**Q** 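Have a look at this one before I ask anything.
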Number of protein chains: 2
Amino acid sequence: METLTRNQQIVLDIINKSSEPLKAYTILSNVQKKGIKAPPQVYRALDKLIEMGKIHKIESKNAFVACQNSSCNVSKATAFSICESCEEVTEISNSKISKYLSNFAEKAGMEYKKYNLEFFGLCKKCK
Amino acid sequence: METLTRNQQIVLDIINKSSEPLKAYTILSNVQKKGIKAPPQVYRALDKLIEMGKIHKIESKNAFVACQNSSCNVSKATAFSICESCEEVTEISNSKISKYLSNFAEKAGMEYKKYNLEFFGLCKKCK
DNA sequence: TTACATAATGTTATTTTATAACAATAAACT
DNA sequence: AGTTTATTGTTATAAAATAACATTATGTAA
């Protein structure tokens, strides 16, 4: 179990507290009172947290969310559903999807390391 | 069958000719001799071409590729495999994946409109 | 055809997202 | 303690995308 550095912990705390994906510069403005002053400090922390699987990047939004799946301490397969109305992002932790896709990748002749899947539509509330 | 405007056609031609995903500013520098001078012109063409399903955006790379799947004239479900060594990007047009994932989304209670899936790993050549 | 609406374009400036480069500290190792 | 390695702080800049608005082209209906 890796221990976090000060900056990593500060950034992770903000993301954990948030109910929605946060952008890097939003994070920055929220941690400036804690002494993190410049973008590279935020991006470096984000990079490490992603490596550790503590957070994920929502590529279509350039935003970052806490991993909601306690078992994924290495980020190798991520899936999200994204509501186009309320912007809610939910991590899908479905072992069937994961198995299905890993299997598919192998059959396709690819030495697969990870995947990212993003669903777009309307969530239960919004539809 | 929609007809393309001049700018859309110019941008599509460049992307079609390329064997790899192109970034917006790479496209721009390649079409300046044809009279497209500024980023908004490129981005507007890209947006329309995506709407039409002629091209797709590789979110993890901020790059654009021609649709390799002649049947997808509306871009609602895309899947790619991306080689982390040679950067080759291949569109996966597998109706099974598509069916499986659509099905999954529906069961999850989401009114699903589209998805984007990106696999990362090593392609056949590189592994 | 002419008038009106709609869409596409051209252009400048700016915003947003991300990284390069390098000096300064701190942590881990032998 | 001295050396290596990782992390931090900082400034500047690069890369990606959009806002805003004036202009031109295209479609449509009287």
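Per chain, numbering begins at 1; letters A, B, ... match sequence-line order. All values reported here derive from a predicted model rather than from experimental measurement. Quick note: numbers below take in every heavy atom, side chains included, and nothing from hydrogens, waters or symmetry partners.
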**Q** For A:Glu118, is there an ion pair with A:Lys61 - N to carboxylate O distance below 4.0 angstrom?
**A** no
**Q** Looking only at side-chain N and O atoms, does A:Tyr43 come under 4.0 Å of OP1 or OP2 in C:dA18?
**A** yes
**Q** Expressed in angstrom and rounded to an integer, what is the separation of A:Leu28 atom CG from D:dT8 atom P?
**A** 15 Å
**Q** May I have the distance from A:Glu51 (atom CD) to D:dA6 (atom C1'), rounded to whole angstrom?
**A** 12 Å
**Q** Tell me whether the OP1 or OP2 atom of C:dT9 has a side-chain N or O from B:Gln41 closer than 4.0 Å.
**A** no
**Q** So, does A:Asn62 get its side chain near the phosphate of D:dA16, meaning an N or O under 4.0 Å from OP1 or OP2?
**A** no
**Q** What about the rings of A:Tyr100 and B:Tyr100, do their centers lie closer together than 6.0 Å?
**A** yes
**Q** Given C:dA7, is OP1 or OP2 found less than 4.0 Å from the side-chain N or O atoms of B:Thr5?
**A** no
**Q** Within this structure, what is the CD1-to-P distance between A:Ile50 and C:dA18, rounded to whole angstrom?
**A** 9 Å
**Q** Rounded to whole Å, please give me the gap between CD in B:Gln8 and P in D:dA25.
**A** 16 Å
**Q** Report the distance from atom CG of A:Leu4 to atom P of C:dA27, rounded to the nearest whole Å.
**A** 14 Å
**Q** Looking for any heavy atom pair under 4.0 Å, which part of the strands does A:Lys57 touch: base, sugar-phosphate only, or nothing?
**A** sugar-phosphate
**Q** Is the distance from OP1 or OP2 of C:dT16 to the nearest side-chain N or O of A:Lys23 less than 4.0 Å?
**A** no
